[in-house]
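Written below as structure tokens is the structure these notes are about.
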Amino acid sequence: MKFGVVIFPGSNCEHDCYYVIQSVLGKSVEYIWHQDTSVKGFDAVILPGGFAYGDYLRTGALAKFSPVMNAIADFAKKGGLVFGICNGFQILTEAGLLPGALLRNVGLKYVCEFEYLRTEAMDTPFTNVLTKGQLLRIPIGHGDGNFFADPDTLKRIEGNGQVVFRYADRYGRITPEANPNGSLNNIAGIVNEQRNVLGMMPHPDRSSEEILGSADGKLIFESMVNALVIPSL
Amino acid sequence: MRATVIVTLKPTVLDPQGMTIHRSLASLGLTDITDVRQGKIFHVQLKEGNREQVERLAKEVLTNPVIEEYRIIWE
Amino acid sequence: MRATVIVTLKPTVLDPQGMTIHRSLASLGLTDITDVRQGKIFHVQLKEGNREQVERLAKEVLTNPVIEEYRIIWE
Amino acid sequence: MTITDELLTQHGLSEAEYKKIADILKREPSLTELGIFSVMWSEHCSYKSSRVHLRRLPTKGPAVLQGPGENAGIIDIGEGLAVAFKIESHNHPSFIEPFQGAATGVGGILRDIFTMGARPIAAMNSLRFGPLHKQQNKRILEGVVGGIAFYGNCFGVPTVGGEIYFADCYSQNPLVNAFALGIFEKDKIFYGRASGVGNPVIYVGAKTGRDGIHGATMASAGFGEDAGAKRPNVQIGDPFMEKLLLEACVEAMHKGLIVGIQDMGAAGLTCSSCEMGARAGTGVELDLDAVPQREAHMTGYEIMLSESQERMLLVAAKEKERDLVEVFHKWGLDAVTVGHVTNDGMLRARQHGAVIAEIPNRALADEAPVYQRPLLPPKSTLSSRLDDYTFLDGCEPSLIETFLSETGDWNRVLTLAVSSPNLASRRWVWQQYDHMVQSNTMVGPGSDAAVVRVKGTRKALTMTLDGPGYRVARNPREGAKLAVAESCRNIVCSGGRPLAATNCLNFGNPEHPEVMWQFSEVVDGMTEACDFFGTPITGGNVSFYNETFGGDIYPTPVLGMVGLVEDIAFVTTSSFRDEGDSILLVEPVQRLVGKVNLEDERALQNFIASTIREGLVKSAHDASEGGLAVALAECCYSNLHRGPIGAEVEIPSHLEIRKDLFGEVSTRVLMSTTNPAAVRERAEAGGLNFRELGKVGGKRLIFHYESVRIVDIDIDELESAWRQALPKLLS
Ligand SMILES: Nc1ncnc2c1ncn2[C@@H]1O[C@H](COP(=O)(O)OP(=O)(O)O)[C@@H](O)[C@H]1O
Ligand SMILES: [Mg+2]
């Protein structure tokens, strides 16, 4: 089983993801350069956080043109696991691999802090070790994480159970106060209809070891490993 | 040859920046201003002709159709 | 009544955003585009009259005089 | 053209300095040469007023691999690893344009670190502003914080700590000091040396524009066209460009393609080329026509003096030139050969075929004038009124009065204190900083010192900034010692051992003898304390001419202390952890305010270090600003990973209630433990006063004083007063 971590110019969480896969999970992992035209040989592809192309123009706007994105689109179409974290999520929406868009935080400021996430869907390759409603403590770090979709799209996403994580308070309640960026329905992470592409703003890569304040993020990577071992999951 | 591309959020999309500016105005006594919406403007230089390159730039690069719309002004 | 305020970086001030956009165009084959500079545009609604409120908005709120300049277009 | 007095004034050069220039050249300098001398001999680049004093600082030690003289200091942390760190000021640019000024300040210090081959893994900043009840100061703070966040977040370095302090003297002159630390293998250090005659000199990064050419440009605006467009631009930070530079430089270094490298910071192309030549004892010849230019019709003068950001100068081995260029292209960057290394020791610049400048590198880099400026103790020093409560400095007068007069309602006084500008939670600030990227942050903002683990080892690095302006203003020598003592204490409380420090010396006008006296005293105090604790100064920065309304700022030395945590198991934070833990106050017998007894300080720090290593300590917090009461409150709610927890304690009575609660006594520590008896033994063995104040637990903070319950307050209430104070002040 081999993970790939994509490097775009301006990515800055690629080493963090690499470290979790290699040193925390003990799985094999390699970097994928954004100019590569194939992701052959990889079982899962991670788009890490950062500021691809400085997030100039719009977050993810210029990154979506990288050659590797076509390969990743095919990979996803064939059912390959694709996981976009933070900037990776933004790139996936820009590239049309996930619905919606990520607007500027309502507070207009970058926010870096731990949040509670309520697990909404376990029937995905990214959440198969989680239980419905399970609370995860995972930090965010973004200025544009305000999830938006037009009413019909939103209805469809909710209807299909594509919402995987919502921002919650420490008791698991989905409240406006628990919403750090103004996301519709407190949405923190979604999957595509096929459920093999996940995008989320919070950073499991920064919360996979107790010494960093939480190891909850590890559960998401472990779910991916499960899914690759037992594809039926 | 010069073109200007104006990119604005669709009317249905919330504009936190514009709202924040608008909220700050009362304290400055700018009470006659009833609404502010923010967008982006791009001044583009191009070699003669080839207008469709600007069209493509505006459509495929400068605008995210999910939330934005664009207008091109030729000079 | 409606006004548009356009805020742009002074001509000689570095525009990393525009530059980065421009640098990325070659790979898209948009080679005829020779320069891109990015600015902000504000659509302002105001009650009849009182144009100087928009003047003040543009000057005091929307523009950073150290690096930017503005233009107001009345409609 | 002839050099007029007016021209000299515009270039900040004295008659004597001009004579020296003429002697060196054995002729009249051209305008370009005059400009080059003026920037290289400027206070900022030449340290002409501070050099004689800086020489006294201790710079050697077992861990020091590189002291002052390079872009950053370097210390050995074992296991083949080294860290490079430095602090630098960007005060004046941040006043002119707070956002971009602060952003480019961060960019500059990051370049100083990766220029040496180290990958930046942590940043901090030390900020000073005028009081927040003045509108303008709010805007400056918001801009500065926004700029630091913008640059550091995009670049991908975690901003893990810092300090902010408000006082009137910073109103027209905010201080923005940026610190950065990088890590690398100790046999992979790179230096700014133009070695190897014939080697190409290569320019990488952003194009050159008329950025930050200071007053000097006005002189050049005279000739050439479009004089109007020649006004110097404010520098705009491009963190994305800098990130690409980092990756490309690190890759080129690992591939062994680089002989010498230096960032273009102050004095841009001039400084990097002549310093690289001087260090290697070589000459550097530049073809300015080859320099990538952003604006039309730039003069050689402008190209040589431009301070456009995100640029580096490299020297490569001739045969590796192409590979080097390839690496930069891979990262979407231009790399242009703009000259070569010569054997004649000269900095030679050609433009349009003609030689427009020809100066010995050494003259520029090493032979700048050195001044022994007059020293004079100031007649009037700061009033002693706030000596016990320095945190009140810069507060609204009404607040100060209430604090000093209120005698009945101590709940209220405590709430006032924790929500006062200098003690209020900085959360609003550091929430805007990505303090977790690179996934090493074990202790981020909000504790005594930040801690980042070192991947692949059991070790961690701990770092803190400390600049007690008020104390230094009251007594420069003692204040400087306090800064060293407190920063070491913070490191020790976090589980680390202080290794070395960097410093940023922010002072007023060096032509004022009082300022130079303060400077000299500070250097002596710092020297004494650093010698005592064995923490050499490996580098730093000096910022003079910090003045508000003609008045000098507080002498504000900011110390950046770096320590090593031998095992992450020792990492300790300031916050209480579990119900029922005992709360202890440990301090020397002799209690001092505004001064420090170094022997006592060492005794306390040894005690803290050994009890932590023995696993006896659940939390350790250095009780300083706001005294015991505020420190206790902080222990209750400084834990970001869970909600506040209460405590019930007996406040020792020595003097009077206000002083005993809030008095800022040096050299104390608040601890919590499950084993007070064992800790008591260690404390008493160390000749320290030990007091068990009470226990952690409940949801209230309760103080008893001479068997009266003087404070009894809901800890969540107090926490939210503390947390919401800064946003309120800014709204
Ligand atoms: N206060 C100080 N204490 C110790 N060293 C200092 C101090 N100020 C400057 N230095 C040293 O002088 C040298 C030149 O400083 P500077 O010009 O700021 O370097 P750079 O141009 O790379 O920023 C550096 O090595 C710096 O560490
Ligand atoms: Mg330097």
Side-chain angles (χ1 to χ4, degrees), chain B residues 1-11 13 15-64 68-75, chain C residues 1-11 13 15-64 68-75:
Chain B
M1 184 174 187
R2 206 151 165 287
T4 302
V5 181
I6 293 172
V7 176
T8 47
L9 288 168
K10 292 178 175 171
V13 177
D15 171 21
Q17 281 162 303
M19 274 167 36
T20 308
I21 294 167
H22 184 235
R23 260 189 266 104
S24 72
L25 296 185
S27 61
L28 298 168
L30 301 178
T31 46
D32 288 1
I33 292 167
T34 54
D35 186 37
V36 179
R37 278 182 76 83
Q38 179 167 349
K40 300 182 195 142
I41 187 163
F42 301 89
H43 297 297
V44 181
Q45 289 282 357
L46 82 159
K47 305 202 190 107
E48 267 333 308
N50 222 335
R51 287 177 165 230
E52 77 282 3
Q53 286 210 356
V54 176
E55 295 280 355
R56 273 189 62 206
L57 172 70
K59 191 162 188 297
E60 298 169 24
V61 182
L62 302 182
T63 311
N64 174 348
E68 297 169 322
E69 51 201 18
Y70 69 92
R71 219 168 78 240
I72 300 176
I73 300 164
W74 296 98
E75 292 170 23
Chain C
M1 182 176 190
R2 200 147 172 291
T4 302
V5 180
I6 293 172
V7 177
T8 48
L9 288 167
K10 292 177 180 172
V13 171
D15 172 19
Q17 306 234 10
M19 254 178 36
T20 306
I21 295 167
H22 180 233
R23 281 216 311 273
S24 67
L25 296 184
S27 60
L28 300 174
L30 300 178
T31 46
D32 288 1
I33 292 166
T34 54
D35 186 39
V36 179
R37 276 182 78 83
Q38 179 167 352
K40 301 186 199 130
I41 185 163
F42 301 88
H43 296 297
V44 181
Q45 287 285 355
L46 83 159
K47 304 202 190 107
E48 265 336 308
N50 221 334
R51 288 177 164 230
E52 77 280 5
Q53 287 211 358
V54 176
E55 295 280 356
R56 278 190 58 206
L57 172 70
K59 195 161 186 303
E60 298 168 27
V61 182
L62 303 181
T63 309
N64 174 353
E68 297 172 322
E69 52 198 21
Y70 69 91
R71 216 169 81 241
I72 301 177
I73 300 164
W74 297 98
E75 294 169 25

Looking at [atom1] of [X] and [atom2] of [Y], how far apart are the two atoms once the value is rounded to the nearest 0.5 Å?
| X | Y | atom1 | atom2 | answer |
| --- | --- | --- | --- | --- |
| B:L30 | C:L57 | CG | CG | 6.5 Å |
| B:D15 | C:H43 | CG | NE2 | 10.0 Å |
| B:I41 | C:T8 | CD1 | OG1 | 8.0 Å |
| B:F42 | C:H22 | CZ | NE2 | 14.0 Å |

| task | Please flag which part of B:L28 lies under 4.5 Å from any non-hydrogen atom of chain C: side chain, backbone, both or neither. | result |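 Contact with chain C involves both backbone and side-chain atoms of B:L28.
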| So which part of B:I6 gets closer than 4.5 Å to some heavy atom of chain C, the side chain, the backbone, both or neither? |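 Looking at B:I6, just its side chain touches chain C.
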| How about C:R71: does its CZ atom have over 12 heavy atoms from other parts shown lying under 6.0 Å from it? |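 Counting neighbours around CZ of C:R71, 12 or fewer heavy atoms of other residues, nucleotides or ligands fall under 6.0 Å, so no.
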| query | For atom NZ of B:K10, is the number of surrounding heavy atoms from other residues, nucleotides or ligands below 6.0 Å larger than 12? | reply |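 Atom NZ in B:K10 is packed in, count exceeds 12.
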| Out of B:I33, B:V36, B:D32, which one racks up the most heavy-atom pairs below 4.5 Å with chain C? |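 Winner by heavy-atom pair count: B:D32.
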| task | Scan for salt bridge (charged side-chain N to carboxylate O under 4.0 Å, His left out) pairs involving residues 37-46 of chain C, sequence neighbours excluded, and state none if there are none. | result |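 Residue pairs passing salt bridge (charged side-chain N to carboxylate O under 4.0 Å, His left out), neighbours aside: C:K40-C:E68.
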| message | Taking every non-hydrogen pair under 4.5 Å, which of C:T31, C:L25, C:T34 racks up the most with chain B? | response |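 Winner by heavy-atom pair count: C:T34.
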| field | Max heavy-atom pair count under 4.5 Å with chain B, selected residue of C:V44, C:D35, C:V61, C:L46 | value |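 Ranked by contacts with chain B, first place is C:D35.
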| field | With B:E60 via side chain to side chain donor-acceptor pair (under 3.5 Å) - residues at least two apart | value |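 Side chain to side chain donor-acceptor pair (under 3.5 Å) check on B:E60 returns B:R56.
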